[in-house]
Amino acid sequence: KDDQKEREPHVCLSKEEVKEKIQSYNSSVTDKLKMTLNSNGIYTGFIKVQMELCRPITVQSALDPGKCAHSNNEAAFYLPNGYVNTLHISSTNTVREVIEALLRKFLVTDNPAKFALYKRCHKEDQVYTCKLSDREHPLYLRLVAGPQTEMLSFVLREHETGEVMWEAFSVPELQNFLRILDKEEHEQLQLLRKRYAAYRDKLEEALGGVWKPG
């Protein structure tokens with residue numbers, strides 16, 4: 001269930017409360033991705049972000065594990081759906097900074113404004129997905145929810161179609177998208193032609209058997 005309006009209040013924690021929560025968090029960690037509290041009150045830790053991108057991303061090299069659509073100084077790739085990336089961030093990092101860090105890690109040249117970070121949580125046997133505002137702090141949300149991704153996970157998506165800032169795309173990016181669409185359209189047409197050709201052959205074979213002289 002996508003619920004864009006659901007927002008949980010950001011409760012300001014004292015330094016002692018943060019210390020206690022970090023101790024509790026680290027005692028529950030099973031993958032060694034613990035949090036560290038610094039003397040200035042800022043804490044650091046890890047978050048995992050699942051990539052759920054429907055459109056291709058533009059990268060500087062062909063090192064991405066996705067499917068390449070165009071080779072040049074830049075290339076458009078489909079990133080494998082469900083690919084999970086781990087980031088080391090601090091409690092001061094905002095959602096916008098996390099998105100930018102993810103794109104840098106993948107050498108993505110697309111405008112960060114094209115993407116949004118979502119939180120996914122389980123409540124009463126239902127799954128809720130809520131888009132985070134640019135000013136929220138993902139590590140704080142991770143700390144409050146605990147280390148279990150079943151309770152809270154992060155997802156990177158494109159903005160909804162109606163929210164896409166098309167002016168943020170460069171001409172080469174749009175041309176790459178058109179190439180990919182043309183290629184996919186051609187592949188789908190070929191599959192449809194083969195499917196209907198197979199049906200036609202079976203029908204003609206069946207008709208030949210029915211009308212075959214005794």
Quick one: pull up [atom1] in [X] and [atom2] in [Y] and give me the separation to the nearest 0.5 Å.
X	Y	atom1	atom2	value
Leu13	Ser91	CG	OG	10.5 Å
Ile99	Asp134	CD1	CG	6.0 Å
Glu52	Leu156	CD	CG	9.5 Å

Partner set under ring pair (Phe, Tyr, Trp, His ring centres under 6.0 Å) for Phe46, not counting sequence neighbours:
His88

Can a donor-acceptor pair be found, under 3.5 Å and without considering hydrogens, that links the side chain of [X] to the backbone of [Y]?
X	Y	answer
Glu100	Pro112	no
Gln188	Glu185	no
Asn93	Ser90	yes
Asn38	Ile42	yes
Lys202	Ala197	no

I'd like to know whether the aromatic ring centres of Tyr128 and Tyr118 sit less than 6.0 Å apart in this structure.
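Distance test on ring centres: not under 6.0 Å, no.
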
For residues 138-147, pull every pair meeting salt bridge (charged side-chain N to carboxylate O under 4.0 Å, His left out), keeping only residues two or more places apart or in separate chains.
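The answer is none; no pair qualifies.
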
Output every pair passing salt bridge (charged side-chain N to carboxylate O under 4.0 Å, His left out) with a member in residues 25-49, not counting sequence neighbours, ordered by first then second residue.
Asp31-Lys48

Could you tell me whether Arg200 and Glu205 have a side-chain N and a carboxylate O separated by less than 4.0 Å?
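No.
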
